[in-house]
Amino acid sequence: MPLDKYTDCNRKKCFLSMLFITAVFIIAFGWYGNKSIRSHYESLLRCSQKPSIATEDISTRDPLTVVAIGRMLYDKPQTFKPPRSDVLMVTPWLAPIIWNGSYNIDILNAQFHQRNVRVGITVFAIKKYTVFIKTFIETAEQFFMVGHKVNYYVFTDRANEISNFTLSEGRQLVILDVPSYKQWQEVSMRRMEMIRDYAYQRFYKEVDYLVCVDVDMRFNDFVGVEILSDVFGTLHPGFHNAQRGAFTYERRQQSTAYIPRDEGDFYYAGGYFGGTVEEVYKLTNFCHNAMMTDKNNSIEAVWHDESYLNKYFLYHKPTKILSPEYLWVNSMGVPQFLKRRRFLAVPKNHSAIRNKRALQKNPGYQKVEILKLL
Ligand code: UD2
């Protein structure tokens with residue numbers, strides 16, 4: 001073959017081989033790139049939804065599914081017309097504070113339905129506090145996360161006192177048998193440890209978010225997905241407008257819950273916090289460990305679990321804050337700014353419900369007796 005022809009032919013061969021190699025490269029790279037982006041998203045999803053301490057349960061959802069809501073008709077947000085001007089709606093670290101009128105629940109419901117979210121609500125009914133469960137669950141069925149999937153996690157030492165409830169579709173009651181403690185303060189504080197342990201062992205497989213609340217409460221108006229975020233706390237109704245110095249933080253430096261007088265954003269209630277399972281795991285783990293450190297040093301923070309929670313939120317700022325609409329006590333009246341009272345304290349006789357002996361004389365009438373005392 002003449003050299004020129006050879007070269008010509010060689011050029012053609014060379015060109016074709018280059019074309020082939022390039023095509024192979026493009027296909028291989030595209031496949032690999034897609035795979036690595038996918039696994040990157042998968043690991044992100046796992047991190048954001050499950051505690052990193054237990055990652056073997058991989059989400060069945062396709063992480064690349066786009067959450068896009070369909071056509072909806074609603075009023076346009078107005079740049080210079082905030083929906084509320086009478087209350088603080090965002091913190092200096094840009095976490096929204098949830099007030100009535102500040103959100104559109106239809107948009108939020110559409111988003112959360114698309115994500116097929118399941119919410120766990122933890123509640124403790126230890127010893128005599130089982131008396132509060134009926135009202136709690138019945139009102140939750142009426143107002144809590146209506147239309148969404150819900151798991152009620154009832155931690156109790158008296159499972160036989162928890163009656164059967166008729167729940168709406170997609171909602172289930174899970175009774176968790178747990179030990180009780182002698183002092184009511186310890187019962188309250190140990191909730192952190194138990195939530196942490198169940199988050200680690202179980203909750204991450206079953207729910208996306210946890211809402212952790214007191215049992216001596218009743219839902220009085222709708223509480224929906226507007227509260228959900230990575231980690232949220234609730235303004236304590238008694239301190240929503242208080243100055244720093246008035247917050248009942250732990251002020252003794254020997255305690256791990258200590259907060260200096262020149263620090264603090266809000267005073268958060270011990271009876272209402274939550275977030276993703278992973279974030280609730282971190283929060284409860286911190287609080288429980290801090291309590292144990294104090295216990296070993298023979299000190300207990302002034303407001304028990306609430307003091308440790310406030311310490312946590314000072315240095316791990318919540319990503320959303322619930323206004324006192326979400327935790328109110330009727331004895332405080334109904335101020336102008338409070339457009340809704342969504343979750344109300346059930347009045348209780350503290351010493352009767354906490355005191356072991358008060359009702360022991362007549363155990364057969366225990367429930368009736370307690371109800372009379374409330
Ligand atoms: C406040 C807080 C509470 C906790 C406590 C610490 C709110 C609404 N409440 O409530 O979360 O931080 O201060 O001092 O912010 N429990 C039992 N059995 C018992 C005792 C307690 O099940 O024998 C559970 C029950 O779920 C109860 C919770 O622990 O709701 C807190 O106890 P509490 O309601 O008596 O405490 P309280 O009203 O001082």
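Heavy atoms only: backbone and side chains are in, while hydrogens, waters and symmetry mates are out. Counting starts at 1 for both ligands and their atoms, following the listed order. Sequence positions, counted from 1, serve as the residue numbers for this chain.
- Close approach of ligand 1 to W303 (heavy-atom distance below 4.0 Å) involves ligand atoms 6 (C), 14 (O).
- Counting only heavy atoms of the protein, atom 18 (N) of ligand 1 lies nearest to I126 O, 2.9 Å.
- Taking the six-membered ring for Trp and the full ring otherwise, the centers of H240 and F337 sit less than 6.0 Å from each other.
- Here the shortest heavy-atom distance to atom 15 (O) of ligand 1, taken over P237, A301, G271, A345, belongs to G271.
- A heavy-atom separation below 4.0 Å is not found between H236 and ligand 1.
- At least one test fails for R202 against the ring of Y198: distance under 6.0 Å to the centre or angle within 45° of the axis.
- Within the 6.0 Å centre-distance limit, the rings of F286 and H316 are counted as a close aromatic pair.
- Under 4.0 Å from ligand 1, the heavy atoms of R191 that appear belong solely to its side chain.
- Remark: R354 is positioned above the aromatic ring of W184, its terminal NZ or CZ atom under 6.0 angstrom from the ring centre and at most 45 degrees off the axis.
- An N or O contact shorter than 3.5 Å links Y129 to ligand 1 by distance.
- Between F136 and F219, the ring centre distance stays below 6.0 Å.
- Of all atoms in ligand 1, listed by their number and element, those nearer than 4.0 Å to a heavy atom of R354 are 33 (P), 35 (O), 36 (O), 37 (P), 38 (O), 39 (O).
- In M217, neither the side chain nor the backbone holds a heavy atom less than 4.0 Å from any atom of ligand 1.
- Contacts between F124 and ligand 1, counted as non-hydrogen atom pairs separated by less than 4.0 Å, involve both the backbone and the side chain.
- Of all the heavy atoms of V187, the ones lying under 4.0 Å from any atom of ligand 1 belong exclusively to the side chain.
- Between F203 and Y153, the angle of the ring planes lies from 30° to 60°, which puts this pair in the tilted group.
- Looking at A125 against ligand 1, only its backbone comes within 4.0 Å, counting heavy atoms.
- Aromatic ring pairs are classed by plane angle as parallel below 30°, tilted from 30° to 60° and perpendicular above 60°; the pair Y267 and F247 is tilted.
- Contacts of M189 with ligand 1, taken as heavy-atom pairs under 4.0 Å, are absent altogether.
- For the pair G245 and R251, the tightest heavy-atom approach, listed with the atom from each and the gap, is O-NH2, 4.1 Å.
- Set against the non-hydrogen atoms of K348, the atoms of ligand 1 under 4.0 Å away are 33 (P), 34 (O), 35 (O), 38 (O).
- Only side-chain heavy atoms of D305 come within less than 4.0 Å of ligand 1; its backbone N, CA, C and O stay farther off.
- Short contacts between ligand 1 and V215, defined as distances under 4.0 Å to a heavy atom of the residue, involve ligand atoms 25 (C), 26 (O), 30 (O).
- Per-residue contacts place E306 under 4.0 angstrom from the following atoms of ligand 1 (heavy atoms of the residue considered): 2 (C), 12 (O), 15 (O).
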